[in-house]
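This structure is a prediction, so every number in the text was calculated from the model and none was measured. Just so it is clear: chains get the letters A, B, ... in the order the sequence lines come, proteins before strands, and each one is counted from 1.
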Amino acid sequence: MLSAPEDIKRPLSPHLQIYKPQITSVLSILHRGTGIVLFGGSLLWCFWFVSLAAGKASYHQGQALLLSPLGLFILLGWSFSFFYHLCNGIRHLLWDIGIGYEMTTVRKTGWTVIFSSVLLTGITWAMGVMKWKGLL
Amino acid sequence: MKYESSLKQAQGLGSAKSGVHHWLLQRITAIALIPLGLWFVGFFLFLLTSPYEEAHAAFLSPWTVTLAVSFIIALFYHSSLGMQVIWEDYIPHELTRWALIMGTHLFCSFLAILSLISILKVFLT
């Protein structure tokens, strides 16, 4: 009988840490990472709806938490993750219908995703601040 | 709804699992979340610094509630499918993987129902 598979030290195929980070791989990892952040964010929205249904006092408590420094930091992380996952998601949907497979195009759309997600996050926060100051 | 590739339907053979169904629903919910997500961000942005009365009044409109309910269903469905892929990729132990996938689906369903009931409570009372 052959020895059990766990006794044999088989060579493993190289994994992430072996390769130099490239825009293709980094954006792919970011897509999954932001997806996990957004999954956590969905809990936040659930609590927000629950606090609204629970009445004025709990809603204002939740609102104070969201507008605290920690709350705003979480919202900043969520909003960037949202816009990144949205822009890169559109890139994925285009790949699904066969568009954008040229390596130069992949890099170009990659940088477009980075710039547009930062820009959209910035615009959103600028609008949020304007609303807060009563300018909108 | 059950999506299968045409070949699989015709032959009645192929994988007993549900890869095509998963793949398509992940994309359908993704497409739905483009307008719904953008709407929700704008909606939440406006309410974040508004008093309770405005948030409460917003959820009395059937349009707002319809958009919010659609957003929640698409969001939790998409999250559930996405997390399933992550467990499938990184958890080699079959029973642990199965438990995490089932747990994620049940957890997402529970949160979606809780969100929907909360919104309907505000809308209907």
- Query: Mind checking whether L66(A) and F44(B) have side chains closer than 4.5 Å, heavy atoms only?
  - Reply: yes

- Same apolar cluster (I L V M F W Y, side chains within < 4.5 Å links), W132(A)/M130(A): no

- Can you name the closest pair of heavy atoms from F82(A) and G37(B) and give their distance? CZ-C, 3.4 Å

- Which bit of I117(B) comes within less than 4.5 Å of chain A, counting heavy atoms only: side chain, backbone, both or neither? neither

- Heavy atoms, side chains only, cut-off 4.5 Å: are W78(A) and V41(B) in contact? yes

- Establish whether I113(B) and L111(B) are linked, either directly or via other cluster members, by ILVMFWY side-chain heavy-atom contacts under 4.5 Å. no

- Message: Can you confirm whether more than 12 heavy atoms, excluding those of F47(A), are under 6.0 Å from its CZ atom?
- Response: no

- Give, as side chain, backbone, both or neither, the part of W125(A) having an atom under 4.5 angstrom from any heavy atom of chain B. neither

- Please say whether more than 12 non-hydrogen atoms of neighbouring residues, nucleotides or ligands are located less than 6.0 Å from CZ in F73(A). no

- Query: If Ile, Leu, Val, Met, Phe, Trp and Tyr residues are connected whenever their side-chain heavy atoms lie under 4.5 Å apart, and connections chain through other members, are I31(B) and L81(B) in the same group?
  - Reply: no

- Task: Compare all side-chain heavy atoms of L38(B) with those of L86(A) and state whether any distance is below 4.5 angstrom.
- Result: yes

- Message: If hydrophobic clusters are built by linking Ile, Leu, Val, Met, Phe, Trp and Tyr wherever their side-chain heavy atoms come under 4.5 Å apart, do I86(B) and W23(B) end up in the same one?
- Response: no

- Message: If I measure from the heavy atoms of chain A, does S80(B) come under 4.5 Å with its side chain, its backbone, both, or neither?
- Response: neither

- Looking only at non-hydrogen atoms, find the nearest pair between L75(B) and S42(A) and report the distance. CD2-CB, 3.7 Å

- Query: Among H92(A), R32(A), M127(A), which has the most heavy-atom pairs under 4.5 Å with chain B?
  - Reply: R32(A)

- Item | Point-to-point distance, once rounded to the nearest 0.5 Å, from CG of L43(A) to OG of S79(B) | 9.5 Å

- To the nearest 0.5 Å, atom CG of L67(A) lies from atom OG1 of T49(B) at 7.0 Å

- Residue part contacting chain A, namely of L120(B), when any heavy atom lies under 4.5 Å: neither

- What part of F123(B) is in contact with chain A, defined as an atom under 4.5 angstrom from a non-hydrogen atom: side chain, backbone, both or neither? neither

- Task: Output the distance between atom CD1 (I97(A)) and atom CZ (R27(B)), rounded to the nearest 0.5 Å.
- Result: 12.0 Å

- Under 6.0 Å between ring centres, would you say that holds for W45(A) and F71(B)? no

- Query: Do side-chain atoms of E53(B) reach the backbone of K56(A) as a donor and acceptor pair under 3.5 angstrom?
  - Reply: no

- Task: State, yes or no, whether a side-chain contact exists between F39(A) and F107(B) at a heavy-atom distance under 4.5 Å.
- Result: yes

- Do other residues, nucleotides or ligands put more than 12 heavy atoms under 6.0 Å from E88(B) CD? yes

- Query: What are the two closest heavy atoms between G128(A) and L45(B), and how far apart are they?
  - Reply: CA-CD1, 3.6 Å

- Query: Based on non-hydrogen pairs under 4.5 Å, which of L52(A), L120(A), T124(A) is most in contact with chain B?
  - Reply: L52(A)

- Toward chain A, the part of I34(B) with a non-hydrogen atom under 4.5 Å: both

- Between Y59(A) and L47(B), which heavy-atom pair has the shortest distance, and what is it? OH-O, 3.9 Å

- Message: Return the CD to OG distance between Q63(A) and S50(B), rounded to the nearest 0.5 Å.
- Response: 7.5 Å

- Task: Would you indicate whether W98(B), at its atom CH2, is surrounded by more than 12 heavy atoms from other residues, nucleotides or ligands within a distance under 6.0 Å?
- Result: no

- Message: Restricting to non-hydrogen atoms, name the atom on A53(A) and the atom on S118(B) that form the minimum distance, rounded to 0.1 Å.
- Response: CB-O, 3.5 Å

- Note on the structure: Looking only at F40(B), F59(B), F46(B), the option with the highest number of non-hydrogen pairs under 4.5 Å against chain A is F40(B)

- Item | Path from I73(B) to L38(A) over hydrophobic side-chain contacts below 4.5 Å | yes

- Task: Check each atom of F83(A) against the heavy atoms of chain B and say whether the ones under 4.5 Å are side chain, backbone, both or neither.
- Result: side chain

